Each structure stands twice: as structure tokens, then as C-alpha cells.
Amino acid sequence: MTAFVFCSFGRQVWLFYLVVLTATDMSDLPVNPLVLIGIGSTFGFSGLFYHLYKEKKKELKALKEIPVFRPDEDLFRVLNASPHRRLQYVAVEGQVQADGEPLTSQFIPRCYGVIQKLVAVEHWQYWDSSAAKWNSRTGYKKESNNSVPFSLISPGAYISDASVRVHNPLEASGCFLERVYYKMRNAEEDLVNSLLQTVGGEKPVSKEETEEMLRVGTTMTGFGEVVLERGQVMRLQAPRDGRKYILVPTDYNSYLNSHRSSATMWKTLSAFTGITGTAVLACVIHSMMDKRDKRSN
């Protein structure tokens, strides 16, 4: 309610400022237009931050309503008793385990995962004859994605125990890859580079290499539809009702706490900008009243 008042008053300030701009003599104005811009901006940002806070609260409320399961026998029994052996939208929390042989990091020893993303970017410089200087550009970029089938298991369990297979994880939203390697390599000065520099007008400067992985043993929470297939296999997949298929590399409570922190941040910013705008406005009004009293005296 407070932010609504801030936002409404902010619109009035902006309208007043538009009237100010149409004034013929700016020296007759009792308030500096820049001050009005500042006041209107603080109230406007207060309304924006309050809107973001309300949206985050809605997300938080929706998250709390989602049933949470672990990949164990309890989930199996619930699925077996559900219509069509299907749960439309739930959260499943477990540890990542490859169904077969995991992927091996190309740079880090004894680092294994189930999803791997490799990116190599070359940075070049080319000679700009008109400006007589070297300019930078991004040259060759190579990206490869590898994955193996994997499941979510309960901590301390084995893949032979109850588990939930993750279907098409690359289609899910969420930043679940961890950067395990990054290096910027400077290009070596050799005969080929010198030839490119003198003849072609281009030369390599550096090469950037990055490797990201979803590592085996990572705690992960998946939001989606869970079905019990033939052969008594539980599978997490994209929901058919249009809701988001999400994978996050953390447990459910930590994911919930991150949303709480985000909501608190927007609420604090809304209150701070609103109070700041009110304080500045009060100072402006007080200054105007003092000037009027002095003129009357």
C-alpha cells in the first residue's frame, strides 16, 4: 500500500515536471527541475522494486505448494498409487549419479560428470590502416556439449536402489553447470604469426578455454513431472501442462532460501528508495515554506 502511494505520488511529480518544462521563464520556478527528477525517480524505483518484491513473493508461495520427494521407495509407492502412475509437478531432490560410465574432464584429473560443456575462443587483432592502430575482434569460437544418461539418487544409495532418471536435462532451465577449468593462453610469437601480421594484417592474441560440468555427486533438485514407466523405472521429465522444467544444483531448502533473500532485497530497496524520496520531498517543502515566510516578513 505504501509503495502504491509512492508510485502514485511519483507520477504526480513527473506531471508537475512536465508542466515545469513548458514554463517560459525557468527563473520563476521555486524548485530546481533536477531535484524534481530525483524525487520522481526515487518514487518510481520504489514502485518498481515493490512490484518485483510482489512477483518474488508469488514465486515463493508457488514453490512452497510444490510437493517435495526424494528418490526412494516412498516416491515409488506414491507414484504406483497415483492415477496413470504420474505426478504432474513435483520437486525431486537427490544426488547426481551416472547410469553408466561418466564423462571425464579434459583438464582436471579425477573430475567426473554427466554433462560437459567445452568452449574455446580465439581473440585476434587486425590492423586498421585508416586509424593506424590495431583493433581487437573475437575470432574462431568452438563449443561442444557432451552428456551421458544420469539419475538422482538418495545420499548414500546406489544406482541399483530406487532412483529417478532425468530425461532430456539439456532442455531444462537453470544454471546447473559448474566451471571446473578456465585459462587464457597468450599466442606464441612464431614465424606463422609474424607472417600473418605483415602480410594478412591480422594476428592471434590469446585463446580462452573454459570447461563446465555437472559433476557426479552434486546435490540437485529437479522440478517437473515424474512418471513410473514399465519396468518400475521412475523418470523426471518436462511437464505437459506448460510449467517450467527446472534443474538447480542445490537442495530444495537452499533454493527456497535464495528466493526468500531475493524477496527481502527487493522489499528493502523499495522501502529505502521510498523513504529517501519522502525525506527529500519533505526537505524541499520545508525550504519552500521558509522562503515564503522570509518574503512575507
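In this text, all values refer to a predicted model and were calculated from it rather than measured experimentally. Counting begins at 1 with the first residue of the sequence.
- Looking only at side-chain heavy atoms (C-beta outward), Tyr181 and Thr210 stay at 4.5 Å or farther from each other.
- Residues Ser262 and Glu59 have side chains not in contact (no heavy-atom distance under 4.5 Å, counting atoms from C-beta outward).
- Between Glu209 and Lys183 there is no salt bridge, since none of the side-chain N atoms of the basic residue sits less than 4.0 Å from a carboxylate O of the acidic one.
- Between Arg86 and Glu225, at least one side-chain N (NZ, or NE/NH1/NH2) sits under 4.0 Å from a carboxylate O, which counts as a salt bridge.
- In this structure, Phe76 and Leu79 have side chains that are not in contact, with every pair of non-hydrogen atoms separated by 4.5 Å or more.
- Look at Asp241 and Arg243 and you find a salt bridge, because one of the NZ, NE, NH1 or NH2 atoms lies within 4.0 Å of a carboxylate O, short of that distance.
- Minimum heavy-atom separation, Val92 to Val226: CG2-CG2, 3.7 Å.
- Taking CG of Leu75 as the start and CG of Leu87 as the end, the distance is 6.5 Å to the nearest 0.5 Å.
- Atoms NZ and OH, from Lys58 and Tyr53 in turn, are 12.5 Å apart once rounded to the nearest 0.5 Å.
- Side chain of Thr221 to backbone of Val248: no donor-acceptor contact under 3.5 angstrom is found.
- Look at Arg215 and Glu178 and you find a salt bridge, because one of the NZ, NE, NH1 or NH2 atoms lies within 4.0 Å of a carboxylate O, short of that distance.
- Using a 4.5 Å heavy-atom threshold, the side chains of Glu101 and Val148 count as separate.
- Shown here are the ring-ring contact (aromatic ring centres under 6.0 Å, His included) partners of Tyr255, two or more places apart in sequence or in another chain: Phe223, His259.
- Using a 4.0 Å cut-off between charged side-chain N and carboxylate O, Arg179 and Glu212 make no salt bridge.
- Residue Ser206 is tested with His123, Glu122, Arg185 for a side-chain contact (heavy atoms from CB on, under 4.5 Å); the sole match is His123.
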